[in-house]
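Only one structure is covered here, and it is reproduced in the block below.
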Amino acid sequence: MEAKQLAVTGSSTPQSPVYRALLRAGPSLRALQQVHGHIVVSGSHRSRALLTKLITLACEAGSIFYTRRLFLSVPKPDSFLFNSLIKASSKFGFPQHTVFFYHRMLGFRIAPSSYTFTSVIKSCADISALRLGRCVHSHVLVCGYGSDSFVQAALVTFYSKSSDLGAARKLFDKMPDRSVVAWNSMISGYEQNGFSREAIEVFNQMRELGVEPDSTTFVSVLAACSQLGALGLGCSVHHNVINNGLHVNVALGTSLIIMYARCGNVSIAREIFDSMNERNVIAWTAMISGYATNGYGSQAVELFCQMRAHGPVPNTVTFVAVLAACAHAGLVHEGRETYANMRQEYGLVPGVEHHVCMVDMLGRAGLLTEAYQLIKELGPEEATPAVWTAMLGACKMHKNFDLGVIVAEHLLEVEPENPGHYVMLSNIYALAGRMDRVEMVRNMMMGRSLRKKVGYSTIEVNQKTYLFSMGDKSHPETNEVYQYLDELMSQCREAGYAPVPESVMHEVEEEEREYALRYHSEKLAIAFGLLKTKDGMAIRIVKNLRMCEDCHEAIKFMSVVTKREIIVRDKLRFHHFKDGSCSCMDYW
DNA sequence: CTAGGGTTAG
């Protein structure tokens, strides 16, 4: 008994005073450096256990350079030290350093373990280092860890995050037993890369095989529903969450808020928000952003006020949401105040996205000079194409020919490969009646073999989403849809609808004219929805581009003659059409 | 002398 006591009081054992001092210091740089001093003074600096603990704590404290200095002071680092370092640097967000330590480890001819690989692969995933990750993958195989399920799951995540979904799926399919985490990786991988349908497919496959989904699974599946604007499916997933008796944590709650908001149902989103017992910045920001994209500017600002009063501290993302809300709702005064507040009260520096919101907001309100002034005051690296594009939109909206041309020419110079700029410039020339210039811009675009982005719209009916694009006649009920739409449009005309002249770029697209296309994709999707759903049910459409003025006008009339609420989510925001008017108040 | 992994929300 006494001998044992003696044995553990040595300076390098876990129970030693110095070791306990280290644990007490925790991940705090100052405290660690003090203990480090004690270690040196007490002569125990040769103890590996102490140094290893000190090094990993330094890493956790966020000081990677101190960590590296300490590491370099260790004469012969062993595999325990390397694994601890690799794990810590990977976990605490220093992926490049993880790779550095990994290379060092190999240099010392120390064999990595499956634990080493999971951390290294995670770091490769964090920086989307595809080439490097592939090398590590081969190394995994050479070292005989190819069938370790943790390593495999990490590799699935790595390939997903590096956007090589093919490789991720191939690995995933070959996994003999897939844990929930592996399923989650695959589902999230698809969702994060915009493959919502595939994400949902894998989710269904998972359930067919009887694997219990967890809250992480639902977070990703709900995100996929959000992308699709698939409210029916989203609701059924929500029911799943409830039926599985899962605890709705912050991430899951936030995911539900986003799903309902991105499907155009803000009031349920708000109910979820109110029902959550833990709400962090992300949850608040998601709710504010939900109000913003749906055009509920004052509710967004109101919620932001509550947040400032008794919520978490807003960050730069929160401010983007609030400013976007102001821009979409024409709340110029509130927007200006918020923009100033950001710096003065919170010490946050406005970035590109905030400037885009401000230019957009001022521009929409017709304050073109002020918007342009704001751009001119930006530094060269701050005046990004996104900011100029917002300016260009404002010029077109207010038919400011002279400024529009200047802005567009700048954009064509810095982004000659973006077809959107040509379309916009051509439209501006058309508005000014400069048809010669319209032709010139069109030829320029053709000369650079750029094509306008194809527009498409989706609609969910009975938990299935259908895609429509202009001129696409692949749908089995195309004829019925067109026939019904013709009828509907004549009813609209009787009710007073007058077509808004097509955007000129459409007129000049010969290829498109050949198809004798009558309707943009949103009209097709709406017609299909009206045919397929019961009277009185709201119609929800998601469009990948912005709606044109003519469609916007036509849908107002559709909402009257069909007595339906029609909700369109376009690239930027929502339009809720009801009884002949739109929630955007034609301010978009 | 020693511990431990891969997945999720704005």
Side-chain angles (χ1 to χ4, degrees), chain A residues 7-8 10-16 19 47-53 56 78-81 83-88 90-91 113-126 145 148-161 168 171-172 175 178-192 199 206 213-224 226 246 248-259 261-262 269 272-273 276 278-290 292-293 307 312 314-322 324 353:
Chain A
V8 292
S11 63
S12 61
T13 53
Q15 278 81 7
S16 75
Y19 194 92
S47 156
R48 288 182 173 281
L50 283 178
L51 282 176
T52 303
K53 192 73 197 166
T56 53
D78 58 356
S79 84
F80 185 73
L81 175 59
N83 282 330
S84 302
L85 254 176
I86 285 171
K87 186 180 68 182
S90 168
K91 185 175 167 193
S113 70
S114 65
Y115 288 93
T116 321
F117 282 122
T118 50
S119 290
V120 175
I121 294 164
K122 177 190 164 9
S123 289
C124 292
D126 287 345
Y145 292 110
D148 181 285
S149 63
F150 285 90
V151 174
Q152 286 176 331
L155 283 167
V156 169
T157 307
F158 158 70
Y159 283 115
S160 296
K161 291 205 172 158
L171 252 159
F172 179 77
M175 286 177 72
R178 288 169 286 211
S179 62
V180 212
V181 179
W183 284 96
N184 292 348
S185 288
M186 197 64 241
I187 293 170
S188 150
Y190 276 130
E191 184 273 314
Q192 297 278 338
M206 173 184 185
D214 62 10
S215 50
T216 307
T217 320
F218 287 114
V219 169
S220 296
V221 175
L222 285 165
S226 307
L246 276 175
V248 178
N249 59 26
V250 222
L252 186 48
T254 307
S255 217
L256 282 165
I257 291 174
I258 298 160
M259 187 276 290
R262 303 248 307 143
I272 307 273
F273 177 78
M276 287 165 69
E278 190 200 339
R279 282 174 294 201
N280 57 16
V281 216
I282 304 178
W284 282 83
T285 306
M287 191 63 235
I288 292 171
S289 165
T293 49
M307 182 180 184
N315 60 24
T316 53
V317 188
T318 316
F319 278 96
V320 174
V322 180
E353 288 173 288

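This structure is a prediction, so every number in the text was calculated from the model and none was measured. Every chain is numbered from 1 and lettered A, B, ... according to where its sequence line falls, protein lines coming before strand lines.
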Which of the following nucleotides, B/dT8, B/dT7, B/dG10, is nearest to the side chain of A/Ser185?
B/dT7
So what does A/Ser149 hit on the nucleic acid, given a heavy-atom distance under 4.0 Å: a base, only sugar-phosphate, or nothing?
base
Please tell me whether A/Thr56 and A/Ser84 have a donor and an acceptor in their side chains that are separated by less than 3.5 angstrom.
no
Rounded to the nearest angstrom, tell me the gap between atom CH2 in A/Trp183 and atom P in B/dT8.
17 Å
List the residues meeting side-chain hydrogen bond (donor to acceptor under 3.5 Å, both in side chains) with A/Asp126, not counting sequence neighbours, and say none if there are none.
A/Lys122
Quick one: is B/dG6 close enough that its OP1 or OP2 comes under 4.0 Å of any side-chain N or O from A/Thr157?
no
What does A/Asn280 touch in the nucleic acid at a heavy-atom separation under 4.0 angstrom: a base, only the sugar-phosphate, or nothing?
base
A/Asp214: what forms a side-chain hydrogen bond (donor to acceptor under 3.5 Å, both in side chains) with it, not counting sequence neighbours?
A/Asn184, A/Thr217
Test side-chain contact (heavy atoms from CB on, under 4.5 Å) applied to A/Glu353 and A/Val317, step by step
CA-CA 9 Å; A/Glu353 288 173 288; A/Val317 188; over 6 Å; no
Counting just side-chain N and O atoms, does A/Gln192 come under 4.0 Å of either OP1 or OP2 of B/dA9?
yes
Which nucleotide in the set B/dA3, B/dG10, B/dT7 lies at the smallest distance from any side-chain heavy atom of A/Ser84?
B/dA3
Does a side chain donor of either A/Ser113 or A/Thr116 reach within less than 3.5 Å of an acceptor in the other side chain?
yes
Using a cut-off of 4.0 Å on non-hydrogen atoms, how would the nucleic acid contact of A/Val250 be classed: base, sugar-phosphate, or nothing?
base
For atom CG of A/Leu50 and atom C1' of B/dA3, their distance in whole Å
16 Å
What is the separation between atom CG on A/Leu85 and atom C1' on B/dA3, rounded to the nearest whole Å?
14 Å
What nucleic acid atoms does A/Ser119 come within less than 4.0 Å of, heavy atoms only: base, sugar-phosphate, or nothing?
nothing
With a 4.0 Å cut-off on heavy atoms, is A/Ser114 in touch with a base, just the backbone sugar-phosphate, or nothing at all?
base
Within this structure, what is the CG-to-P distance between A/Leu246 and B/dT7, rounded to whole angstrom?
20 Å
Considering only B/dT8, B/dG10, B/dT7, which nucleotide approaches the side chain of A/Ala251 most closely?
B/dT8
What is the distance, rounded to the nearest whole Å, between atom NZ of A/Lys87 and atom P of B/dG5?
6 Å
Which part of the nucleic acid does A/Val156 contact within heavy-atom distance under 4.0 Å: base, sugar-phosphate only, or nothing?
nothing
Distance, rounded to the nearest Å, where A/Leu256 contributes CG and B/dT8 contributes C1':
12 Å
Could you check which of B/dT8, B/dG4, B/dG10 has an atom nearest any side-chain atom of A/Asn315?
B/dG10
Which nucleotide in the set B/dG5, B/dG10, B/dG6 lies at the smallest distance from any side-chain heavy atom of A/Ala154?
B/dG6
Under 5.5 Å centre to centre and under 30° between planes: does that hold for A/Phe150 and the six-membered base ring of B/dG6?
no
Below 4.0 angstrom from OP1 or OP2 of B/dG6, is there any side-chain N or O of A/Lys161?
no
As a quick check of understanding, evaluate side-chain contact (heavy atoms from CB on, under 4.5 Å) for A/Met276 and A/Leu256, giving each step before the final call.
CA-CA 11 Å; A/Met276 287 165 69; A/Leu256 282 165; over 6 Å; no
Heavy-atom check, side chain of A/Leu81 versus side chain of A/Leu51, under 4.5 Å:
no
Residue A/Val181, side-chain atoms from C-beta onward, closest of B/dA9, B/dT7, B/dG4
B/dT7
Where the side chain of A/Asn184 is defined as all heavy atoms beyond and including C-beta, which of B/dT7, B/dG5, B/dA3 is the nearest nucleotide?
B/dT7
What's the CG-P distance between A/Asp214 and B/dA9, to the nearest Å?
13 Å
When you get a sec, tell me which of B/dT8, B/dC1, B/dG6 is the closest nucleotide to the side chain of A/Ser188?
B/dT8
Can you tell me which nucleotide in B/dG6, B/dG10, B/dG5 comes closest to the side chain of A/Lys122?
B/dG6
Rounded to whole Å, please give me the gap between CZ in A/Arg262 and P in B/dA9.
14 Å
